[in-house]
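Worksheet: the structure to be examined is printed underneath.
Below, chain A is the first sequence line, B the second, and so on; all start at residue 1.
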Protein chains: 2
Amino acid sequence: MTELEEYLHSYFDFDRTDLATVASFFKPEIVRKGEFYLKTGKPCNKLSFIQSGMLRIFVDLEDREVTQWISTKGYFITDLSSLVFEKPSRWNIQALADTALYTIDKRDYDRLGDFIPKWPVTEKLFIAHCFVTLEDRVFSFLSMTAEQRYNLLFESYRDLFNQVPLQYIASMLGMTPETISRIRRKQLS
Amino acid sequence: MTELEEYLHSYFDFDRTDLATVASFFKPEIVRKGEFYLKTGKPCNKLSFIQSGMLRIFVDLEDREVTQWISTKGYFITDLSSLVFEKPSRWNIQALADTALYTIDKRDYDRLGDFIPKWPVTEKLFIAHCFVTLEDRVFSFLSMTAEQRYNLLFESYRDLFNQVPLQYIASMLGMTPETISRIRRKQLS
DNA sequence: TTGATTTCTTGATCTAGGTCAAGTAGGTTG
DNA sequence: CAACCTACTTGACCTAGATCAAGAAATCAA
């Protein structure tokens, strides 16, 4: 299997033929550090898999930016509401480092079901999984302190903390960089 | 069309035949005020549509309850991670008032695709829609004050505020009942 | 109708986390 | 190897919202 097929295999329960078919629609793409994969308001007509690098999903408010999430190696990236419902994108998506992607464009994405009969079911399961993850995230805001949310993210996504400016991690946790700094110091002792 | 078909029609782009087919799998069910539709840890083997009444989705922590959401007339209810992935339920779901449901059990739910070819695609769209809604909810915690979150919910879900104890609404907004009380008073003037 | 419960409001006080400002430490570029 | 960014830390102070406690209104039960 190619590297991309290996990755797809980790998400989708397909046989080799299906994997090869799906993989054949994905084309390599590079987004340089600082460049935008997507801008708010534009249609998002693609779905990508991150082979290396990192992308930050954020929104521009009048007085500040809010980082919704940072996606790294081994995860998919898109603006789902734009891709699926053809609405203007709600998110900016920008590379935090040189990033290598495999990208499928919307036209091909919409035809996957024609080639792979169980694609719609598989896709449903995938999106359901994403939904459940977000439910947990909402719950973390309802039930946890800043420090608890920090610890949870740190344990489940340790990679981020070496590579990403703290301010972005703070924003996606709903706190300030100073707060993270203080949590860290506290935890040294 | 029956009432249930009307409701389904508002969610799903099906013709009359498909609507009737789907509807035929749903059976009426009553949950009395205070009774549980689902308890944490049990498998959730059903999906329901709320015809009247209200259900509260919550988690028991050691020292308090956290309300994740309250679902009312015209919405679906289930524990998706349990229904789809056959895991133990994460949520308690309890009736806040006598509640009339139309319920499909998991066995039938899993067979809908056999009767309605476009079910998997439709279901995907439905879950994608739920995902996008949750993205917005996460974003509200990252970017809004308590008062802004309160106003947003109030505008989009006014029904709740007459019928539901304030403490539950407060919990699902991630604040205390006292805070809501003060926001209200402030907004009188 | 009346007592009993539950919910909601209000005030007093407290605290987690925000804001502002200054300093420090790594990287990177000429 | 400066000079310059940019990221990170720290301290002083502030504030949104929590907590605690006491009443006031509803709601319910009989």
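- Rounded to whole Å, the distance from CG on A/Leu173 to C1' on C/dA16 is 15 Å.
- Pairs engaging residues 180-189 of chain A under the salt bridge (charged side-chain N to carboxylate O under 4.0 Å, His left out) rule: A/Glu147-A/Lys186 [sequence neighbours left out].
- Evaluation of the side chain to side chain donor-acceptor pair (under 3.5 Å) rule for B/Glu29 yields B/Lys46, B/Thr103 as partners, not counting sequence neighbours.
- Residues passing the side chain to side chain donor-acceptor pair (under 3.5 Å) test with A/Tyr11, sequence neighbours excluded: none.
- The salt bridge (charged side-chain N to carboxylate O under 4.0 Å, His left out) check on A/Arg111 picks up A/Asp108, with sequence neighbours excluded.
- The ring pair (Phe, Tyr, Trp, His ring centres under 6.0 Å) test applied to A/Tyr102 returns no partner, not counting sequence neighbours.
- When the C1' atoms of four end pairs are superposed on the next four at each end of the helix from C/dT1-D/dA30 to C/dG30-D/dC1, using five pairs per end, the two resulting axes differ in direction by 50°, to 10°.
- D/dT15 atom P lies 18 Å from atom CD1 of B/Ile183, rounded to whole Å.
- Identified under the salt bridge (charged side-chain N to carboxylate O under 4.0 Å, His left out) test for residues 123-140 of chain B, with sequence neighbours left out: A/Arg90-B/Glu135, A/Arg90-B/Asp136, A/Glu123-B/Lys124, A/Lys124-B/Glu123.
- Counting heavy atoms from C-beta outward, A/Tyr75 and A/Met54 have side chains that stay 4.5 Å or more apart.
- Looking at residues two or more places apart in sequence or on another chain, you find a salt bridge (charged side-chain N to carboxylate O under 4.0 Å, His left out) between B/Asp98 and B/Arg32.
- Between A/Arg185 and D/dT9 there is no side-chain N or O to OP1 or OP2 distance below 4.0 Å.
- When the side chain to side chain donor-acceptor pair (under 3.5 Å) test is applied to A/Thr122, no partner is found at least two apart in sequence or on another chain.
- Within the structure, salt bridge (charged side-chain N to carboxylate O under 4.0 Å, His left out) contacts touching residues 47-61 of chain B (residues at least two apart or in different chains) are B/Arg56-B/Glu65.
- Whole-Å rounding puts the B/Lys186 NZ to C/dT10 C1' distance at 17 Å.
- Within a heavy-atom distance below 4.0 Å of DNA chain D, the residues of residues 136-171 of chain B found are B/Thr145, B/Ala146.
- Inter-residue side-chain proximity for A/Thr72 and A/Ile50 is flagged as unmet; no heavy-atom pair is nearer than 4.5 Å.
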Using a cut-off of 4.0 Å between protein heavy atoms and nucleotide atoms, how would you tag nucleotides 18-29 of chain D 5' to 3' with B, S and -?
SBB---------
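- Residue B/Ile180 contributes atom CD1, which lies 9 Å from atom P of C/dT9 at whole-angstrom precision.
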